[in-house]
Amino acid sequence: MSHDDYDLAIIGAGAGGLEAANFAVQLGARVALIEKSRIGGDCTWTGCVPSKSLLKAAKIAHDVRRAEQFGIGTSAPVVDMKRVRDYVRQTIQAIYPSHTPQALREKGIDVILGPGRFVDPRTIAVAERSLRAKKILVATGARPKVPAIDGIEDVPFATYEDIFDNERLPRTMLVIGGGPIGIEIAQAYQRLGAQVTVVAERLLPKDEPEVRNVMEAVLQRDGMKIVRGRATIVRRDGDQIVVATEAGEERGELLLVAAGRAPAVDDLGLEKAGVNYSEQGIPVDDELRTNVKHIYAAGDVAGRHQFSHLAAWQAFLAARNALIPGSSKGLTDLVPWVTFTDPEVAHIGLTEEQARQRFADDVTVERTEMSRADRAICENERDGFIKVIAKKNGKIVGATVVGSRAGEIVTEFILAIEHGMNVSDLARPIHAYPSYSSAVQQLVAKMTVARTLSGFSGDAIRWLSKVTR
C-alpha cells in the first residue's frame, strides 16, 4: 500500500462531502474525497433530483387531465414510462457534470473511488491504498430502512434506491410508509396512471395536523387509497403482492417500501478509530466533532434531520471547524423541510404544539387559506394554507406553508426566524402583487394590526385617530 498525508479526508461524496471538499480546497488544504459508489450521493441519484423530476412528469399528466377547467380541450394523456424514466435520467445527467471525478480533480480535490474504512484513528484504507489525515469528516449519509414485517424478505419490493429505474407503469401499486419519500412517489405514480394504495399509521407525521387533513383530501381526490394502520404481513400471490393490516388485505403489482432511512455507519471500521456510534448514527458535539476530537461527522450519518441542505450546511461548518481556528455551531433546531407533493408542504421553526409547550399562553397563531390568495385563485391552485406562529410580542417562531411553491414561500419565514424578526418586519416591505408571497404580507399585516390595536396602546391609537379627524 502507498501512504498519503492530507489535511482533511472526507468519507462520502454526497451533498455534505462535496460541500466540505469544495470549501476546504479553497482554503488551500490538501483534501481527499472518498466515495464507494457514485459521487453526488442519494440527492443526485436516488433522492432529490430524480424524485422532483418524476413529480414534474406526473404534474404534466395531471394538468392535461384537468385542462378542461381552463377552457382547453385535450385527450387523455398517454404515459410512456420508459420515456418518463429517460427524462428522470436526463435531469440527473444535466446536474452531475459538476460532480464528476474529473471536475473535482481539476479543482485540486483528490477523488478516491472505493469503500473507505478506518484502520486506526488517523488512517483510512481504500482498496489497495492507505492514507493518513490530520482531520477526518464522515459524511456517509443514510440508507433505506426495511421494517420488520413478516414475509418482507420473501417478496420483491422497491425502495427509493431503485424505484427511479422502473420502466413499467403498474396498474396497481402499494406503498408502505407515509413520510415525505413515500407520499411524493405515491402521488407521482397515482397521477401517472397507477392505482396507488398507501399503508401508513399517519401521513407526514412530523407536520402539523392541518397538513395531514389537506394532503389526505388532495390525495384521495387524485384517486389514491389510504389505509391507516401498520403492515403486519407481506406475501406473494401469483403476480401480485399482498400487504395485510388490521383493516384487511391490500393487493398490488409493485410494492414500494418507504419506511424511513437509517444512518450509514456499517462497514466503516469506526470501532478501530475509537468513534462511538449506534444504529441511530454518530453522536457529535456542537462543533460536529465525534468523541475522537479530530474526527467529525455531518449530515444524515450524524443521526438528526435527514435533508441534503442540512448535510451541506453541516459539512461546510465541519470543514470550517476542522481547518480554521475558532468554531461555529453545527447543530440547530432551525431546519426547514419541504415535501414536494402537489401542493407542496413547507415548514420552519416550531409547530403550534411545540410553541405552546415552550411558551404556554405567550403564543398567537394566525392562518389564511390559499383559496383566499389571489395568485392561487388565478392559477386554480387553491389547496393549502399559510400558518404563522408568533409570540405575543410579534416575534415569529414558526411557520407552515401548504400550497403551490410553498418551498419558495417559506424562505421569507426562514430569514425572519433566523434574524429574530417580528411580524411587522415582514409586513412593512412592499410585496409584488399578485404573487404567492403577497399572501404572506397580508397575513402578517393582519397580525400586526391586531397586535397594535390591542390593549391600552390600541385604545390610545383609536383616541388619537378620533381627535385628529
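Side chains are part of it too, since the values below use all heavy atoms of this structure and drop only hydrogens, waters and symmetry mates.
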Okay, side chain of [X], backbone of [Y]: is any donor-acceptor separation there less than 3.5 Å?
| X | Y | answer |
| --- | --- | --- |
| D162 | A158 | no |
| H347 | G349 | yes |
| D222 | M224 | no |
| T74 | V64 | yes |
| Q314 | G330 | yes |
| R105 | D110 | no |
| E35 | S37 | yes |
| S404 | E381 | no |

Using side-chain contact (heavy atoms from CB on, under 4.5 Å) as the criterion, point out the one residue from L33, I39, V126 that pairs with L113. I39
Examine the side chains of [X] and [Y] and answer whether a donor and an acceptor come within less than 3.5 Å of each other.
| X | Y | result |
| --- | --- | --- |
| E379 | Y436 | yes |
| D342 | Q187 | no |
| S437 | S435 | yes |
| S278 | Q280 | yes |
| R320 | S328 | yes |

Looking at [Y] and [X], is any side-chain nitrogen of the basic one under 4.0 Å from a carboxylate oxygen of the acidic one?
| X | Y | value |
| --- | --- | --- |
| E184 | K52 | yes |
| E249 | R235 | yes |
| R304 | D333 | yes |
| R261 | D42 | yes |

Who passes salt bridge (charged side-chain N to carboxylate O under 4.0 Å, His left out) against R382, sequence neighbours left out? none
If you count the non-hydrogen atoms of other residues, nucleotides and ligands that lie under 6.0 Å from [atom1] in [X], is the total more than 12?
| X | atom1 | answer |
| --- | --- | --- |
| R171 | CZ | no |
| E246 | CD | no |
| R66 | CZ | yes |

Looking at [X] and [Y], what are the two nearest heavy atoms and their distance?
| X | Y | value |
| --- | --- | --- |
| L169 | L192 | CD2-O, 3.3 Å |
| C43 | C48 | SG-SG, 2.7 Å |
| L323 | A24 | CD1-CB, 3.5 Å |
| P50 | F164 | CB-CG, 3.7 Å |

Looking at [atom1] of [X] and [atom2] of [Y], how far apart are the two atoms once the value is rounded to the nearest 0.5 Å?
| X | Y | atom1 | atom2 | answer |
| --- | --- | --- | --- | --- |
| Q240 | D237 | CD | CG | 7.0 Å |
| I386 | T400 | CD1 | OG1 | 11.0 Å |
| L54 | R191 | CG | CZ | 12.0 Å |
| I226 | I183 | CD1 | CD1 | 6.5 Å |
| R358 | E353 | CZ | CD | 12.5 Å |
| T341 | L219 | OG1 | CG | 7.0 Å |

So [Y] and [X], do their side chains get closer than 4.5 Å, heavy atoms only?
| X | Y | value |
| --- | --- | --- |
| Q195 | P170 | no |
| P336 | I414 | yes |
| L254 | N166 | yes |
| E250 | V242 | no |
| L268 | Y277 | no |
| N321 | Y296 | yes |
| I136 | I124 | yes |

Identify every side-chain donor-acceptor pair in residues 196-212 under 3.5 Å, counting partners at least two apart or on other chains, and give the distances.
from, atom 1, to, atom 2, distance (Å)
E201, OE1, R230, NH2, 2.9
D207, OD1, W337, NE1, 2.9
E208, OE1, K387, NZ, 3.4
E208, OE2, E352, N, 3.0
E210, OE1, K387, NZ, 3.4
E210, OE2, K387, NZ, 2.6
R212, NH1, L204, O, 3.4
R212, NH1, D207, O, 3.0

So D383 and M370, side chain to side chain contact (heavy atoms under 4.5 Å, CB included) or not? Walk me through it. CA-CA 6 Å; D383 294 304; M370 278 296 178; over 6 Å; no
Any pair with a residue in residues 406-417 that passes side chain to side chain donor-acceptor pair (under 3.5 Å), sequence neighbours left out, goes on the list, sorted by first then second residue, please.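 Residue pairs passing side chain to side chain donor-acceptor pair (under 3.5 Å), neighbours aside: E412-H431.
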Could you pull out every donor-acceptor pair under 3.5 Å between side chains of residues 75-90 and any protein atom, sequence neighbours left out?
from, atom 1, to, atom 2, distance (Å)
D80, OD1, K82, N, 3.1
D80, OD1, R83, N, 3.4
R85, NH1, E167, OE1, 2.4

Can you list the residues that meet the ring pair (Phe, Tyr, Trp, His ring centres under 6.0 Å) rule with W45, with sequence neighbours excluded?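 Here the qualifying residues are Y96.
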Distance-only check: which donor-acceptor pairs under 3.5 Å involve side-chain atoms of residues 138-156, not counting sequence neighbours?
from, atom 1, to, atom 2, distance (Å)
T140, OG1, A264, O, 2.8
R143, NH2, D266, OD2, 3.3

